[in-house]
Amino acid sequence: MSNPPAARARDAGWYVAVDTRDNANAFTIAIPPPNVTGSLHMGHALMLTIQDAIVRHARMRGMNTLWLPGIDHAGIATQVVVERELRREGLTRHDLGRERFTERVWDWKARSGDRIYEQMRVMGASLDWDRAKFTMDPDMSRAVREAFVSLYEQGLMYRADRMVNWCPSCRTVLSDLEVEREEPEEGKPNAELFAFAYPLVDGTGEIVVATTRPETMMGDTAVAVHPDDPRYQGMIGKHVRHPFAERTFAIIADPILADMTKGTGAVKVTPAHDFNDAECGKRNGLASISILNPDGTLNDHGGPFAGMDRFVAREAVKKAITDAGLARGATPHAIPYARCQRSKDILEPIASPQWYVTMKPLAEKAVRAVEEGRCTFTPEEWTKTFNYWMTNIQDWCVSRQLWWGHQVPAWYCADCGATTVSREDPTACSACNGGRIERDPDVLDTWFSSALWPFATLGWPEKTAALETFYPNSVMETGFDILFFWVARMLMMGLHFMGDVPFRRVLLHGMVCDEKGNKMSKVKGNVIDPLDLVHGATLREIVEHASQGAPYEEALKRFSEAYPSTSALKEGFPAFGADAVRFYLASHPPQSRKINLNLARLQGYRDFCNKVWNATRFVLTHIADVGERPTGAFPRPDSVAERWVLSRVAHAVSEVNRGLDEFRLDEATAAVYQFFWYELCDWYLELCKPVFDGGSAAAKASYKLTLAHCLETSLRLLHPFMPSLSEECWQNLPEAARRRQTCGGLAEGLAVNPFPSALDGARDPEAEAAMATLKGVIESVRRVCAELGIKPGAAITPTLRTSDEATLRVLAEYDGAIRRLTRAKEIRGELTHGGSERPRGVGYAVSHGVEVMIPLAGHIDPGAEGKRLEKDIAKVRKEAESLAKRLNNPDYTGRAPAEVVARDRDRLQELHDKDQRLQAALSTVAELSSPQA
RNA sequence: AGGCGCGUAGCUCAGUGGUAGAGCACCACCUUGACACGGUGGGGGUCAGCGGUUCAAGCCCGCUCGCGCCUACCA
């Protein structure tokens, strides 16, 4: 599939041509190709977000990274959509004929496919557009044909006439997986068990059977009873007369089919339209009479009911039976309906010749590969589910009675009946060499071509360089709902045709649901279009996108029920932007099976994007003159603040890398979010301000370089999650602050610069400890002020007292910062050697061994301070008590690890100290409130 | 029926045997110079319940209750 040239130019910022010879460094993800039927939904947005983050991470780490785009022809789904379109014109596909119909589908596909690719670009997906594949591209068709023919030659592809699930709406057979079971609700019968009598031929009586599908009696060829059933001992072997057909049939004994405890104990046998009856028919050599046409109407075997739809016939049969005096009552009954995954129509079991793939030997290999760890699942729990399904696997019915898809490459000879399966279209029968051969009209299950995706997209069956380099793929990332449909089948086909797993790691994500946790569907009217979140949309647009063709008021009601938080929504969604939507989606852990859309949280990430933008703006106004530094060099400052922030950068870098490596994007996003907002912005940026305002030239230069480094590193860390904003900000940085990497003559961009790594600095425990003290002191001053109701503008003059000289030096160094951040007029530092008195009338707190004392200057209610102190004392004592209790337990001190116990002892000592100081403080406050004492 | 999960703050959800967390919401204060899509401070928990293992359990084991999903079968 070609791409508009403009797209390529726009993507040039990240684009690096993959090297098809660099296998050692290869990193590959083949996208789960979206169905060509529609536009992108939230599930796609999630998939694109996760994969793009992983891919950008790999690319920035210098991997030879291929993310291969594609679209799936989606056999039934697409055919149904185009047929619906035709119906609006008053046409059916049969009016057009096969050739013109498929042409029409191709037209439709061209429009739809381009739109899907465009939407992927909006989400920021850095796909390798030149390698885009459509599952019906000529080379893909060739791969499909090769796979089919070689499976046939190996005896793993065969045709058999068996019971299958037939969808009368789609007029095709379905595989077991495409059958949806609809369980009846507890205690709510959804059908009727209708009993009627077959009169015995010898006139000695009748036998009563019960069924939920009375119309199938037109295909009955026996009545079965249990051989041990005392009720029917005399009847076995007798014959009954069919009331509406010229035939009689036997009452047989079948212990497997007949269940004495159910119904009347006698069961009608319809070998042509029931899985169990078919087995019974085989066991007992019964005739099989098919009564259904492909569209679900009754055929000539339906006798008087021929031509009626099965449900119309059901009522007609019941009436006829009743009229004949054979009805024997009806009771409400609960049965699970088997429905078509696509049309939701009720399926009919019929016997039909279809193509099957033998699964057992293929599945065994796949199970072994997973057992041996050649392919791993995340979350791990899926391994069990996978194994269970794979060890109970049934043969795969791959033929479909559709027109849209890969046509089965089998020809049947009109003369000798032989089947010719061939890579090239044959002109003669391979058995008798006769020319009267006709091609099987059926096409293959969509998932058959999908199963070949990881290698067919790379050129298989040709031995291409790309195949050599990028197979196995590194990661398969997709929804858990298609684990069996797709992942398992790719594993089997990959192992079979390539001799190796198709991918090393499988990451399965959950499903994006509405606020209430319901799966999004147009029928429920709770679908949210990710692009509406990205671009913003009016309420009307949102609601119209949420359901399909429902009246507005009705649609609005359903939408509001699904999203209670939007009840106040008048204007619709603001434009959150693709980056915020991505960051939001990436923030969920992989084990979440449901992701309930949370607009408040999304807005939180929109705010974060804003924060990044504003922080960048601030930094830019100060670092224009930042000094040159060679690529790879990072600052080595002396100050506590700088050393601390660099240490925190190092921490964030390692957390983000770990998160991405372990597929914990939630942890990676949390780490960069917390660092950027709570450390870089809340603290380092604020500590820069006094330096920029009045610091020495050397200090300014150093702080700026550190600031530039931190911002630049942050933007690189953010890039996998918010590519547009990070790139935009990064491009605005002065040359000197940017890392620069030339990439094949294309525009340089953040996307092709190295991802932060251990090279970007290390943890600095000393600086972190010093900074903890500084932060603790500042926070204590603020807390005391807040709790005592000291106005922010008040001219407070806190005294900071410590016995540690180094701490005092740090506090002195940051005098300006402390004043600025606490709005204090003046800070006094005091060195104590223990036993110092606490001055009277001060607000008091202790943090990290530093006593914080704020003269209250008579404006303060001493009672409030007293209350606060009492509360603190109670808190401290409670903790100390439980800690002491634990430390008095010899079992604990004897068995717990030494460092755990030591930590507790330190903590207890600290609590005792604090308790004493608070006590002293409380007594001075008491004095303050009664100065006469 | 079998299998896999889930139950943690008002809501949505993290949590790796060692002092219970985040975002949003809430309360109070602050229109400070990157940002009110902001800042500061605060309140809020019987970690569904019961029992067990352990010095120590939200986490491990068993049972119960409630809620999902998957697979199979049911004239």
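Computation of the quantities below employed the complete heavy-atom set of this structure, encompassing side-chain atoms and omitting hydrogens, waters and symmetry-equivalent molecules. Naming convention: chains lettered A, B, ... in sequence-line order (proteins, then strands); numbering from 1 in each chain.
With hydrogens and angles left out, the side chain of A/K384 and the base of B/C4 share no donor-acceptor pair within 3.5 Å.
Comparing B/G10 with B/G17, their C1' atoms are spaced 30 Å from each other, to the whole Å. Straight-line distance between the P atoms of B/C63 and B/G5: roughly 15 Å, to the nearest whole Å. The C1' atoms of B/A57 and B/U19 are separated by 14 Å, rounded to the nearest whole Å.
Nucleic acid contact for A/R617: sugar-phosphate only, since backbone atoms but no base atoms lie under 4.0 Å from a heavy atom of the residue. Residue A/C681 is classed as a base contact, given a heavy-atom separation below 4.0 Å to a base. Within 4.0 Å (heavy atoms only), A/E779 reaches sugar-phosphate atoms of the nucleic acid but no base atom. Heavy atoms of A/P897 sit under 4.0 angstrom from at least one base atom. No engagement by A/K268 is indicated, since no non-hydrogen atom pair under 4.0 Å with the nucleic acid exists. In this structure, A/R213 reaches neither bases nor backbone, as no heavy-atom distance under 4.0 Å exists between it and the strands shown. Nucleic acid contact class of A/L620 (heavy atoms, under 4.0 Å, all strands): none.
Checking B/C70, B/A14, B/G39 against every side-chain atom of A/D682, the shortest atom distance belongs to B/G39. Picking from B/G39, B/C70, B/G33 the nucleotide with the shortest atom distance to the side chain of A/R820 gives B/G33. The side chain of A/L177 lies closest to B/U71, out of B/U71, B/G15, B/G38. Of the candidate nucleotides B/G23, B/A34, B/A14, B/G23 has the atom lying nearest to any side-chain atom of A/Y678. Closest approach to the A/R601 side chain among B/U12, B/U19, B/A34 is made by B/U12 (side chain taken as heavy atoms from C-beta onward). Taking only side-chain atoms of A/K611, from C-beta outward, the nucleotide of B/U16, B/G18, B/G38 with the closest atom is B/G38. Counting only heavy atoms from C-beta on, A/Y388 has its side chain closest to B/U71 among B/G68, B/C37, B/U71.
At most 12 non-hydrogen atoms from other residues, nucleotides or ligands lie less than 6.0 angstrom from CD of A/Q394.
Nucleotide B/A14 holds its C1' atom 11 Å from the NE2 atom of A/H588, rounded to whole Å.
Considering A/H273, A/M217, A/E348 in turn, A/H273 is the only one that fulfils the side-chain contact (heavy atoms from CB on, under 4.5 Å) rule with A/I291.
In this structure, A/D229 pairs ionically with A/R231, as a charged nitrogen and a carboxylate oxygen lie closer than 4.0 Å.
Look at A/R606 and you won't find any side-chain N or O under 4.0 angstrom from OP1 or OP2 of B/C37. Taking side-chain N and O atoms only, A/R783 has a distance below 4.0 Å to OP1 or OP2 of B/G42.
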